[in-house]
Amino acid sequence: MSQLAQPRLNDFEKIFKPFLEVGRRSLGLVNGAYSMEFDEESFAQNDWDLRLIEQAEQLDVSAISIPLEGVVERQVVAIDTSSIVVAVGRDGVILGVRGSIAVRNALSLEIQRVGPFIVYLTPENITSVLGSIFGGLPPLDLSGYQLDGSIQKILASLLEKRLQEHVVKQFKDSIILVDGSLSAGPQDNPLWLVSRILEEARPRGNDILAFSKTSILQFWSSIFTDDRLGAKPPYIIDMTWLIERLEMRVRVLGRTFLARLSSGLSAYRVDAATCRRVEEVFGSLLKSDPLIYGYPELLILAHDYCTFTRSDVIAIQAMLRRLGAEFFRGDSIRDMLFNPIDRR
Amino acid sequence: MICEVKILSKDGDTIELLISPDEEPLIRGDYILITDGGRSLLAQVIDIEYADVPGILEDVLRELASEHLSMKNFDPYGVGSILLDVRDSRRIIAKFRGVIIDGSLRNDVIWLPSRFNSRIEKASPELISDLMRTCGRRRIIIGECMSGMISIYAEDLDGRLTIITGKKETGKSYLTKLLITSLAEYGATVVVFDINGEYIGLSETVNGSVSRMAGRHYVLTPGENFRVSVEDAGLKTMADILQHILATPATTVREFIRIWNSVKRNEGRVTLRGLINAVSRMQMHESVREALMSRLLSLSETGFFDDGNPVRIEDVLNSRSGGIIVINLSKSIHQTKKIIVEYVLSKLSSLLREGAIDPLFLVAEEAHLYLRETYWDDLVTRMRHIGIFPIFVTNQPDSIPETIYRQADNIFLFNFTNESDLNYISKASRVDSDTVKRIAKMLPPRHCLIIGRVVNDLPVVVRVREVELRTMGETRLLFGRRYS
């Protein structure tokens with residue numbers, strides 16, 4: 001396979017030098033912070049528009065079968081990022097963010113973890129910190145960013161875009177799997193940045209598939225059954241025209257599918273930006289990477305290795321203490337009001 | 001000082017501390033001092049476990065799953081190395097032993113040191129020696145403890161019930177020899193029931209030369225240099241031997257008493273030959289005659305009774321000021337062992353009651369093999385009061401009745417791995433069961449946990465020191481040196 005001769009992932013120190021410098025400077029501002037209770041629920045990202053359900057019900061769809069014969073096995077690269085609130089200070093919030101890149105080919109399976117990066121975001125430094133992720137690239141327009149609940153997601157998303165940009169430049173003829181969608185428009189997915197990633201991927205023969213676990217489209221798998229479609233998995237349903245019609249605030253780059261890649265009810269929204277026929281790309285994916293409930297294993301691995309655990313948070317807090325930060329245990333309002341009776 | 005350690009919790013007398021994996025390893029039995037202000041809490045380490053770190057299951061699963069992967073990390077803040085420390089942090093389980101105020105250890109003070117501002121350090125062996133010091137003058141250096149030497153006082157064994165226990169080949173006999181030779185050197189008399197011939201070589205050193213015990217060590221081998229007269233044994237002892245050891249029916253024993261009195265009256269002294277003759281000629285039921293005759297002939301065949309040239313045990317005991325009297329039972333058959341022990345215990349009791357001999361220590365190794373059941377309580381109550389101070393040595397803890405453990409003043413506990421053995425020993429009243437179970441299970445050979453009065457109720461783990469005497473406790477091997 002020609003892809004095996006491709007350059008290895010490295011140079012992260014150089015790529016993220018500005019981000020690290022700005023991040024380290026920001027940590028010098030911490031002088032007392034409340035440590036955060038780890039609560040996985042706080043990281044759930046659900047923002048479905050329920051109007052979709054009503055409108056999509058009237059649509060006529062057909063399935064595109066995925067060929068399993070005659071497709072080639074290819075190198076698959078998956079990227080994911082995760083962020084966490086480590087502590088809340090007087091002026092801002094300490095965030096940790098980490099990415100992971102999983103690479104599978106005929107010879108090996110490799111995981112590269114990038115981070116954690118730790119930053120103290122305040123209203124004053126938010127623009128410079130977020131901008132530093134992209135280093136010497138043209139400055140982003142970050143004037144609209146605010147220190148609110150969405151900042152954690154934005155930080156993870158910007159790091160993910162930076163890693164995607166790095167990966168599409170480093171690899172050739174690979175299937176690049178990313179978590180989420182190729183929607184551009186919201187603050188964490190600037191249109192020009194997503195466009196540039198897709199543009200850089202195409203000439204190098206890379207095909208990008210974005211798997212979304214939380215899209216409203218996947219609920220349609222119970223309506224678009226195998227019997228109704230007259231098809232057996234694996235197949236995909238083109239939903240691009242529907243998404244373009246309904247997603248007013250954002251622009252979807254590439255095409256959008258509902259993908260049922262294995263039998264059962266599991267189906268996912270997949271945005272595809274490919275330089276080959278999309279069914280051929282899906283076929284190669286099925287030949288190159290195992291599926292778990294119809295979802296690529298490599299993306300699960302990438303997710304697993306970037307996700308923060310409780311001990312990660314303890315270690316980050318310990319590291320910050322070594323840098324002179326002081327932590328206080330923040331009492332949750334819920335605990336103060338309801339414990340010990342409340343058991344959720 | 002232990003740098004990276006914090007108090008985690010205290011529940012009852014159990015204190016848990018969180019410690020970094022990089023800290024110098026602690027050993028079970030080590031004492032730690034937690035100082036806050038002018039007071040110090042003394043706790044003893046009994047175990048160490050992994051700390052219950054939040055999310056550890058997820059971490060371990062992730063590590064497990066990544067073993068076949070090629071993993072690379074770009075970790076600019078070095079969080080990974082801290083994470084390793086966090087995930088590998090240890091939980092030390094320690095037992096509260098008291099609070100030190102103005103140099104004295106007190107158990108009645110309700111006080112806890114600060115979790116975050118306390119100074120935590122390993123207690124020095126000198127401090128532990130000071131705290132466990134009793135008011136004796138006769139020092140016995142037992143061995144090494146916490147990088148220092150630990151000694152006890154002979155006075156704390158005097159008048160006490162002592163148990164030495166542990167599984168085979170852990171060093172019980174070794175310690176026993178160390179204790180009894182030290183006691184003998186201080187002038188105490190020690191009588192040893194030696195069932196394996198382990199104590200007969202104490203007059204020699206390991207290289208075969210004469211040891212310092214040579215003048216204080218005397219071996220009595222029944223049937224050879226230790227034969228006694230039935231009259232010296234007395235009617236009660238002989239009746240007990242018949243009833244309890246030779247399983248003679250009560251009616252037959254009554255007949256024996258009648259015969260004994262008749263022989264004494266007619267011949268002026270009682271001999272085994274005289275008793276046999278009397279049984280053969282006196283009028284009695286034939287079945288009784290047969291029963292008595294067979295038993296008296298059995299006694300004669302033991303070779304232990306010699307009415308012509310008997311040894312008087314009081315002469316042996318009084319001929320020297322202290323020493324080790326080894327009664328070598330290794331050549332005697334099972335029943336004869338019991339007869340000899342019955343005689344010796346009965347004789348010692350009467351001699352002590354009469355004031356004919358000084359109080360003495362009695363070492364009974366694997367006593368269940370030769371001591372009749374009714375003697376156990378007798379030894380720890382009545383006999384102890386008249387001056388027999390038992391030292392029981394066993395590798396089968398359940399062979400000693402539970403009540404004996406409860407009354408034990410001192411326990412020298414070697415390794416046991418079997419749970420039921422540990423459960424049995426943990427009933428000893430002078431220490432909590434957690435300490436016994438957690439420490440004894442992991443003791444290396446020649447290390448023992450000392451509990452009781454000799455250590456002022458501060459349990460210590462000691463590596464028993466070398467003795468230069470010929471100990472003879474080693475197992476004889478068929479193939480010579482095991483690994484040659």
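Numbered from 1 within each chain, the chains take letters A, B, ... in sequence-line order. A quick note: this is a predicted structure, and the numbers were derived from the prediction, not measured. Quick note: numbers below take in every heavy atom, side chains included, and nothing from hydrogens, waters or symmetry partners.
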Would you give the length of the straight line joining atom [atom1] of [X] to atom [atom2] of [Y], rounded to the nearest 0.5 angstrom?
X	Y	atom1	atom2	answer
A/Ile314	B/Leu83	CD1	CG	9.0 Å
A/Ile316	B/Tyr77	CD1	OH	10.5 Å
A/Arg310	B/Ile56	CZ	CD1	12.5 Å
B/Ile82	A/Ser311	CD1	OG	12.5 Å
B/Leu69	A/Ile111	CG	CD1	5.0 Å

*Are there more than 12 heavy atoms of other residues, nucleotides or ligands under 6.0 Å from atom NZ of B/Lys437?*
yes
*CG/B/Asn107: more than 12 non-hydrogen atoms of other groups inside 6.0 Å*: yes
*asked:* Can you tell me how the ring of A/Phe117 sits relative to the ring of B/Phe74, calling it parallel under 30°, perpendicular over 60° and tilted otherwise?
replied: tilted
*Grab the two heavy atoms, one from B/His68 and one from A/Leu109, that are nearest each other, plus how far apart they are.*
NE2-CD2, 4.5 Å
*Using non-hydrogen atoms and a 4.5 Å limit, figure out which bit of A/Arg24 sits close to chain B: side chain, backbone, both or neither.*
both
_If you define the side chain from C-beta out and look only at heavy atoms, does anything of A/Arg113 sit under 4.5 Å from B/Lys72?_
no
_Minimum side-chain heavy-atom gap A/Pro116-B/Asp75 below 4.5 Å_ = yes
_If the test is side chain to side chain contact (heavy atoms under 4.5 Å, CB included), which one of A/Leu20, A/Val114, A/Ile118 qualifies with B/Pro76?_
A/Leu20
*Is it the side chain or the backbone of B/Val79 that comes within 4.5 Å of chain A heavy atoms, both, or neither?*
both
